[in-house]
Asker: 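Sending over a structure as structure tokens; questions will come in a sec.
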Amino acid sequence: MMKVTYLGHSGFLLEVEDAFFLFDYYKGELPPMDTGKKMFVFVSHGHYDHYRREVFSLREQFEQICFLISSDISVREEEDVISVNPNEEREVMGCRIRTLRSTDEGVAFLVKYSGKTIYHAGDLNWWHWEGEPEEYNTAMRRAYQSEINKLQGEKIDIAFVPVDPRLGEQYCRGLDCFMKRTDTKRVFPMHFWENYEVFDRLALENCVHAYEDRIVRIEREGQSFLLEK
């Protein structure tokens, strides 16, 4: 079994048999954890809604811990801290990590561990903003699609992908592109600023009908989901 806990915004905790994977945690309460397991902490970039320095206090709880920190954040590389750039591959404690270049700041993560593949987008999204010049939005579309195309051929078990309501009618373009260009079993929408009505909106979108049964509906912070392998 895999257990996913929604911590808030883009923050998630994923638990497998012998490890935890903590993504972009800056708010919410962590559930009780077996500190005998490995802990992998991922920070996609330095924006306040994805990172707080207090996350390093987890060192006090876990003997086996590694922090994968986007290089836009100034940290000192140590035995348990790895600074990652876009388009890198690392292997640590039996976990393979590949990064993509964000269309905002930092990186997205593709994580492979114990036969499972996890994707966390960070702020890699199709940021189509009304009011921006056409040239900007065209460049954004191309940049996003180029990064997502790098995931073709991957079998992704769990993905965390933005659906930002501030984008207006374009809020789900990134999700739609991702789901139609990748082989993803389950997707958790995120970065919706606690506007849970976004899930009702998604249910009405014609574009999601092909994969609506793979969208996991989130209703509150701290909600956990048990997923079969």
Asker: Quick check on the hydrophobic clustering: are Phe188 and Leu124 connected, directly or via other members, by side-chain heavy-atom contacts under 4.5 Å?
Answerer: yes
Asker: Apply side-chain contact (heavy atoms from CB on, under 4.5 Å) to Val187 and Leu175, showing your working.
Answerer: CA-CA 9 Å; Val187 63; Leu175 174 69; 3.7 Å; yes
Asker: Going through the distances and angles, do Met1 and Glu228 end up as a side-chain contact (heavy atoms from CB on, under 4.5 Å)?
Answerer: CA-CA 5 Å; Met1 298 287 288; Glu228 295 182 1; 4.1 Å; yes
Asker: Taking side chain as C-beta onward, heavy atoms only, is Glu205 less than 4.5 Å from Tyr171?
Answerer: yes
Asker: Aromatic ring centroids of Tyr25 and Tyr51 under 6.0 Å?
Answerer: no
Asker: Is there a side-chain contact between Thr5 and Phe12 in this structure, where contact means two heavy atoms from C-beta onward sitting under 4.5 Å apart?
Answerer: no
Asker: Check whether more than 12 heavy atoms from other residues, nucleotides or ligands sit under 6.0 Å from atom NZ of Lys180, and answer yes or no.
Answerer: yes
Asker: Does the ring center of Phe42 lie less than 6.0 Å from the ring center of Phe67?
Answerer: no
Asker: State, to 0.1 Å, how close Gly174 and Asn125 come at their nearest heavy-atom pair, and which atoms those are.
Answerer: CA-OD1, 3.6 Å
Asker: What I'd like to find out is whether the side chain of Phe56 reaches to under 4.5 Å of the side chain of Val41, using heavy atoms alone.
Answerer: no
Asker: Where do Gly28 and Arg52 come nearest, in terms of heavy atoms and distance?
Answerer: O-NH2, 4.5 Å
Asker: Between Trp193 and Asp164, does the side chain to side chain donor-acceptor pair (under 3.5 Å) criterion hold? Intermediate values first, please.
Answerer: CA-CA 7 Å; Trp193 300 99; Asp164 196 318; 3.0 Å; yes
Asker: Using 30° and 60° as the class limits, which term best fits the ring planes of His9 and His50: parallel, tilted or perpendicular?
Answerer: perpendicular
Asker: Above 12 or not: heavy atoms from other molecules or residues under 6.0 Å from CZ of Arg214?
Answerer: yes
Asker: Does the side chain of Leu100 come within less than 4.5 Å of Pro86's, by heavy atoms?
Answerer: no
Asker: Hey, is Arg90 close enough to Glu88 for a salt bridge, meaning N to O under 4.0 Å?
Answerer: yes
Asker: Atom OG of Ser74 and atom CD1 of Ile69: how far apart are they, to the nearest 0.5 Å?
Answerer: 11.5 Å
Asker: Is there a side-chain contact (heavy atoms from CB on, under 4.5 Å) between Tyr119 and Phe160? Walk through the geometry before answering.
Answerer: CA-CA 6 Å; Tyr119 170 77; Phe160 306 99; over 6 Å; no
Asker: Can you check whether Ser102's main-chain N or O pairs, donor with acceptor, with Asp123's side chain at less than 3.5 Å?
Answerer: no
Asker: Give a yes or no on whether a salt bridge exists between Asp157 and Lys185, defined as a side-chain N under 4.0 angstrom from a carboxylate O.
Answerer: yes
Asker: Taking it one step at a time, do Glu132 and Trp127 satisfy side-chain contact (heavy atoms from CB on, under 4.5 Å)?
Answerer: CA-CA 10 Å; Glu132 290 289 347; Trp127 298 108; over 6 Å; no
Asker: When you check the gap from the basic side-chain N to the acidic O, do Glu221 and Lys27 get nearer than 4.0 Å?
Answerer: yes
Asker: Can you tell me how far the NE2 atom of His120 sits from the OG atom of Ser44, to the nearest 0.5 Å?
Answerer: 6.5 Å
Asker: So Phe225 and Tyr6, ring pair (Phe, Tyr, Trp, His ring centres under 6.0 Å) or not? Walk me through it.
Answerer: CA-CA 9 Å; Phe225 306 84; Tyr6 173 63; 8.3 Å; no
Asker: Is the shortest side-chain heavy-atom distance between Arg166 and His191 below 4.5 Å?
Answerer: yes
Asker: Is there a path of hydrophobic side-chain contacts, each under 4.5 Å between heavy atoms of I, L, V, M, F, W or Y residues, that connects Met39 with Phe23?
Answerer: no
Asker: With side chains defined as the heavy atoms from C-beta onward, is the minimum distance between Phe199 and Val163 less than 4.5 Å?
Answerer: no
Asker: Of the non-hydrogen atoms in Val4 and Leu14, which two are nearest, and what is the gap between them?
Answerer: CG2-CD1, 3.5 Å
Asker: So how far is it from Lys116 NZ to Ile156 CD1, rounded to the nearest 0.5 Å?
Answerer: 13.0 Å
Asker: Any idea which heavy atoms bring Val16 and Met2 closest together, and the distance?
Answerer: CG1-CG, 3.8 Å
Asker: Please determine if Asp200 and Arg217 form a salt bridge, counting it only when a charged side-chain N lies under 4.0 Å from a carboxylate O.
Answerer: yes
Asker: To the nearest 0.5 angstrom, please state how far the OG atom of Ser10 sits from the NE2 atom of His47.
Answerer: 11.5 Å
Asker: As a quick check of understanding, evaluate side chain to side chain donor-acceptor pair (under 3.5 Å) for Ser71 and Asn85, giving each step before the final call.
Answerer: CA-CA 5 Å; Ser71 60; Asn85 295 301; 2.6 Å; yes
Asker: Would you say that Ile148 contacts Thr182 through its side chain, given a criterion of any heavy-atom pair below 4.5 Å between the two side chains?
Answerer: yes
Asker: Heavy atoms, side chains only, cut-off 4.5 Å: are Val43 and Ser70 in contact?
Answerer: no
Asker: Donor-acceptor pair, distance only, cut-off 3.5 Å: does the side chain of Asn137 make one with the backbone of Trp129?
Answerer: yes
Asker: With distance as the sole test, does Asp176 use its side chain to make a donor-acceptor pair with the main-chain N or O of Cys172 at under 3.5 Å?
Answerer: no
Asker: Kindly indicate, with the supporting measurements, whether the criterion salt bridge (Lys or Arg N to Asp or Glu O under 4.0 Å) is fulfilled by Arg98 and Glu154.
Answerer: CA-CA 12 Å; Arg98 175 183 166 199; Glu154 298 281 359; 3.3 Å; yes
Asker: Is there a chain of hydrophobic side chains (I, L, V, M, F, W, Y, each step under 4.5 Å between heavy atoms) that links Phe109 to Leu22?
Answerer: no
Asker: Looking at Glu169, I'd like to know if its CD atom is crowded, meaning that more than 12 non-hydrogen atoms belonging to other residues, nucleotides or ligands lie closer than 6.0 Å.
Answerer: no
Asker: Stepwise, does the salt bridge (Lys or Arg N to Asp or Glu O under 4.0 Å) test hold for Lys37 with Asp18?
Answerer: CA-CA 5 Å; Lys37 294 187 177 186; Asp18 64 343; over 6 Å; no
Asker: Measuring from atom CH2 of Trp126 to atom CD of Gln170, what distance do you get when rounded to the nearest 0.5 angstrom?
Answerer: 9.5 Å
Asker: Okay, side chain of Glu212, backbone of Val208: is any donor-acceptor separation there less than 3.5 Å?
Answerer: no
Asker: Group every Ile, Leu, Val, Met, Phe, Trp and Tyr by side-chain heavy-atom contacts under 4.5 Å, then state whether Val92 and Phe62 land in the same group.
Answerer: no
Asker: Can you give me the closest heavy-atom contact between Asp24 and Gly122, atom names plus distance?
Answerer: OD2-CA, 3.8 Å
Asker: In this structure, are over 12 heavy atoms from other groups packed under 6.0 Å from Glu77 atom CD?
Answerer: yes
Asker: So does Arg186 get a backbone contact from the side chain of Thr184, meaning a donor-acceptor N/O pair under 3.5 Å?
Answerer: no
Asker: How many angstroms lie between atom CD of Glu105 and atom CD1 of Ile73, to the nearest 0.5 angstrom?
Answerer: 10.0 Å
Asker: Looking at every heavy atom in both Gly36 and Gln64, which two are closest together, and how far apart are they?
Answerer: O-NE2, 4.0 Å
Asker: Decide if atom CD of Glu134 counts as having more than 12 heavy atoms of other residues, nucleotides or ligands within a radius under 6.0 Å.
Answerer: no
Asker: So, the side chain of Thr99 versus the backbone of Asn87: is there a donor-acceptor pair under 3.5 Å, distance only?
Answerer: yes
Asker: Same cluster for Val216 and Val198 if Ile/Leu/Val/Met/Phe/Trp/Tyr side chains link at under 4.5 Å?
Answerer: yes
Asker: Take atom CD of Gln152 as the centre, draw a 6.0 Å sphere, and report whether it contains more than 12 heavy atoms from other residues, nucleotides or ligands.
Answerer: yes
Asker: Using a 3.5 Å distance criterion without hydrogens, assess whether the side chain of Glu147 forms a donor-acceptor pair with backbone atoms of Arg101.
Answerer: yes
Asker: Does a salt bridge link Glu78 with Arg59, judged by any charged N lying under 4.0 Å from a carboxylate O?
Answerer: yes
